[in-house]
Amino acid sequence: MADIKTKLLVIGAGPGGYVCAIRAGQLGVDTVIVDPQAHGGTCLNVGCIPSKALIHAADEFYRMTHASSGPLGISLGRPEIDLGKTVAWKDGIVERLNNGVAGLLKKAKVRSIRGSAHFVDGKTVTVSGDDEEHTIRAENIVIATGSSPIELPFLPFGKTILSSTDALSLSEVPKALAVVGGGYIGLEIGSAFAKLGSQVTVVEAADRILPLYDSALTKPVAKHLSTLGVSVMLNTKAENYADGVLHTDRGDVSAENVLVTVGRRPNLDTVGVDELMLSMNGPFIDVNDACQTSMRGIYAIGDVTGEPMLAHRAMAQGEMVAERIAGHKVSWDKRCIPAVCFTDPEIVSCGLLPHEVKDAKVGEFPFAANGRAMTTEREDGFVRVVARASDDAVVGIQAVGVGVSELSAAFSLAIEMGATLADIGATIHAHPTQSEGLQEAALRALGKALHI
Ligand code: FAD
Ligand code: NAD
């Protein structure tokens, strides 16, 4: 048993926790970070990165499979995929990133301890690791323990019932896959398996897919799912799975595997948060704008604080908390947290939607009128700019289209910098790029569009 005293203890080395620890270390704050798993949390090990690797492999496979029937004059034999090799490639990327995060923590002079932390009181935790047990006393503690997939009692995770973590490490492509939950994870991973050749059926309880996004943005995704051969059952509840059949209240679905993606719950049990009697916001820890909990010196960041459960939000919170602990006068002053869904086509939503702005001025530009989109054979989708009519300040930008995730930086930057419609309209956007859609949408809101 070793006792450790520190200024800052970070519990959990996901994107929230490791960014918090790195920034605190850089600022000279004596910092310890604790996690039983490899550095990087859900995002790096079983979330953002592995899912995007699978999506990339599936896109490549699908393109090759359909090249000969396309208009480009390319002929190919029938491609095959060894999913075991794909997964090994993905694991290699994850390992490189695990090591990268460990190196950055070391460079910032952060002490890393492998183990699971449990609160004794508001200033003390015990950590049980592989070899040693530690007691850590800290002036400040950041809870960054993240989230885990919600399990449905009638579809317990096991051999054939998959969580997102299981689905990202399969050794073979299932012939038929039922996906329960048509949200972020179900559609990202479900579309990837459809492209790899699975017969995919999505079972969604709501009346449309991706209910977190506005319906204009999700329509092109729904349309393309049908091109990919994905069946979508809306207003449908899964009931149970037996003998290769998923029973729902609207009929049966034959499936070799069932992927359950109905949301995520905060990881609070192992850390013993109950004993601290913190104020809660439903199942999540309640925090103020500075990520302070109801107990002095205890902060919470990332998925444990609820939606939006996004890696970049967790990182921004972690950075802010570290700077506050180092004595800097910073607070949460972000105008938008971009949300990107890596479906096909991709969706980006930054800032406010048209119906959220009183007297909104809205400009929309379809990719069907964008030269670059035509040259990539995909013209579905659009860019939409939302401004305040009173002063033309841009308060929201959304898009749906192939590759629009990379436009998200321009969208958030415009909103953070307080750009007006005229600012975006007068900025020279390189030709031919999809980003011209942003300029044209702003011009259209001003009644001055050139290419439509
Ligand atoms: P986590 O990343 O969950 O990390 C928490 C860490 O705490 C874990 O390492 C865990 O081991 C550790 N921990 C738990 N209990 C204890 C304890 N008692 N003691 C010590 N350590 C503990 N977000 C995006 O922004 N973009 C995406 O493309 C994206 N794709 C995703 C795809 C999938 C399949 C999934 C599942 C999620 C995805 N997300 C994505 C969400 C993203 O992964 C999370 O929002 C993000 O990881 C949250 O970061 P965090 O630091 O709060 O927690
Ligand atoms: P989600 O909230 O995005 O989707 C869950 C879906 O399941 C919803 O559409 C909901 O209506 C449906 N549902 C709930 N109960 C159901 C039931 N019994 N039967 C059928 N449908 C049911 O949740 P998720 O896909 O599990 O993702 C969890 C979180 O992870 C997301 O909120 C997101 O913040 C994060 N994430 C982000 C990204 C990204 O940024 N690209 C990718 C993946 C995950």
Side-chain angles (χ1 to χ4, degrees), residues 9-20 33-52 54-55 113-119 125-129 142-150 152 154-155 163-165 167-168 179-190 202-213 233-239 248-249 259-273 300-315 317-318 337-343 346-348 405:
L9 168 65
V10 181
I11 305 177
Y18 83 69
V19 165
C20 181
I33 191 164
V34 178
D35 199 309
Q37 313 282 346
H39 293 123
T42 302
C43 176
L44 204 157
N45 292 296
V46 294
C48 325
I49 299 294
S51 60
K52 271 74 238 178
L54 180 75
I55 288 168
I113 295 178
R114 196 137 183 169
S116 185
H118 192 94
F119 277 99
V125 306
T126 54
V127 178
S128 19
V142 175
I143 305 170
T145 49
S147 64
S148 299
I150 292 177
L152 294 172
F154 46 87
L155 290 172
S163 68
S164 55
T165 302
L168 293 168
V179 177
V180 178
Y184 269 98
I185 302 179
L187 292 186
E188 287 188 6
I189 298 181
V202 175
V203 173
E204 166 57 52
D207 60 2
R208 62 187 180 87
I209 54 160
L210 288 167
L212 286 173
Y213 283 93
M233 297 168 73
L234 299 173
N235 298 305
T236 306
K237 288 205 178 84
E239 288 174 340
T248 80
D249 61 352
L259 168 62
V260 179
T261 52
V262 293
R264 296 179 61 84
R265 56 168 186 81
N267 293 329
L268 296 175
D269 350 338
T270 58
V271 79
V273 160
I301 58 175
D303 285 8
V304 281
T305 63
E307 291 284 0
M309 290 196 244
L310 300 172
H312 41 279
R313 168 180 172 259
M315 293 190 216
Q317 289 178 322
I337 303 171
V340 178
C341 193
F342 293 83
T343 38
E346 293 172 343
I347 304 176
V348 178
S405 55

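The basis for the numbers below is simple: all heavy atoms, side chains too, and nothing from hydrogens, waters or symmetry mates. Start at 1 and go down the list; that is how both ligands and their atoms are numbered. Position 1 is the first residue of the sequence, and the numbers go up from there.
- When only interatomic distances are considered, the shortest N/O to N/O separation between L310 and ligand 2 does not fall below 3.5 Å.
- Taking any N or O of D303, backbone or side chain, at least one lies under 3.5 Å from an N or O belonging to ligand 1.
- In the vicinity of R264, heavy-atom distances shorter than 4.0 Å reach the ligand 1 atoms 36 (C).
- For ligand 2, the polar-atom distance check against R264 finds no nitrogen or oxygen pair separated by under 3.5 Å.
- Of all atoms in ligand 1, listed by their number and element, those nearer than 4.0 Å to a heavy atom of G12 are 6 (C), 7 (O), 12 (C), 21 (N).
- For atom 5 (C) of ligand 2, the nearest protein heavy atom (residue, atom name, distance) is T261 O, 3.6 Å.
- Within the 4.0 Å heavy-atom criterion, both parts of T42, backbone and side chain, lie near ligand 1.
- Considering both main-chain and side-chain atoms, F342 never comes within under 3.5 Å of ligand 2 through any nitrogen or oxygen pair.
- Those atoms of ligand 1 with a heavy atom of C43 less than 4.0 angstrom away are 2 (O), 43 (O), 47 (O).
- Each of the following atoms of ligand 1 lies closer than 4.0 Å to a heavy atom of G115: 20 (C).
- For atom 6 (C) of ligand 2, the nearest non-hydrogen atom from the set G186, G183, P308 belongs to G183.
- Any N or O atom pair closer than 3.5 Å counts here, and Q37 shares no such pair with ligand 1.
- Only the side chain of P211 comes within contact range of ligand 2, with a heavy atom under 4.0 Å; no backbone atom does.
- Nearest to atom 37 (C) of ligand 2 among the protein's heavy atoms is Y184 CD2, 3.5 Å.
- Residue P36 places no N or O, backbone or side chain, under 3.5 Å from any N or O of ligand 1.
- Of all the heavy atoms of A144, the ones lying under 4.0 Å from any atom of ligand 1 belong exclusively to the backbone.
- For V203, every heavy-atom contact with ligand 2 shorter than 4.0 Å involves the backbone, none the side chain.
- For F342, the ring-ring contact (aromatic ring centres under 6.0 Å, His included) test picks out no residue, with sequence neighbours left out.
- Between M309 and ligand 1, a contact under 3.5 Å exists for at least one N or O pair.
- If you number the atoms of ligand 1 from 1 as listed, the ones under 4.0 Å from a heavy atom of V46 come out as 34 (C).
- Looking at residues two or more places apart in sequence or on another chain, you find no salt bridge (charged side-chain N to carboxylate O under 4.0 Å, His left out) involving K237.
- Close contacts of ligand 1 with S147, meaning ligand atoms under 4.0 Å from a residue heavy atom, involve 3 (O).
- At least one N or O atom of E204 sits closer than 3.5 Å to an N or O atom of ligand 2.
- Close N/O approach between F342 and ligand 1 is not found [any backbone or side-chain N/O within under 3.5 Å].
- Annotation: atom 31 (C) of ligand 1 to nearest protein heavy atom, C48 N, 3.4 Å.
- Of the N or O atoms in V304, none lie within a sub-3.5 Å distance of an N or O in ligand 1.
- Between K237 and ligand 2, a contact under 3.5 Å exists for no N or O pair.
- Within the 4.0 Å heavy-atom criterion, neither part of I209 lies near ligand 2.
- Contact annotation for K52 and ligand 1: only side-chain heavy atoms (C-beta onward) come within less than 4.0 Å of the ligand.
- Here the side chains of I209 and L234 are in contact, with some heavy-atom distance below 4.5 Å.
- Remark: ligand 1 and S164 share no N or O pair separated by less than 3.5 Å (distance only, no angle test).
- Every atom of ligand 1 is numbered from 1 in the order shown, and the set under 4.0 Å from a heavy atom of G16 is 51 (O).
- At the top of the distance list for atom 4 (O) of ligand 1, counting protein heavy atoms only, stands G14 CA, 3.4 Å.
- Between A206 and ligand 2, not a single N/O pair is under 3.5 Å apart.
- Polar contact with ligand 2: absent for C341 (N/O pair, distance under 3.5 Å).
- When each of V340, I189, L310 is checked for a side chain to side chain contact (heavy atoms under 4.5 Å, CB included) with Y184, only L310 meets the rule.
- When S51, A339, S147, G181 are checked for heavy-atom proximity to atom 7 (O) of ligand 2, G181 turns out nearest.
- The protein atom (non-hydrogen) at minimum distance from atom 26 (O) of ligand 2 is G263 N, 2.9 Å.
- In this structure, the protein non-hydrogen atom closest to atom 19 (N) of ligand 2 is V180 CG1, 3.6 Å.
- With values rounded to the nearest 0.5 angstrom, H39 atom NE2 is found 6.0 Å from I33 atom CD1.
- Not a single N or O atom of N267, backbone or side chain, sits closer than 3.5 Å to an N or O atom of ligand 1.
- Nearest protein heavy-atom contact of atom 25 (O) of ligand 1 is A311 N, 2.8 Å.
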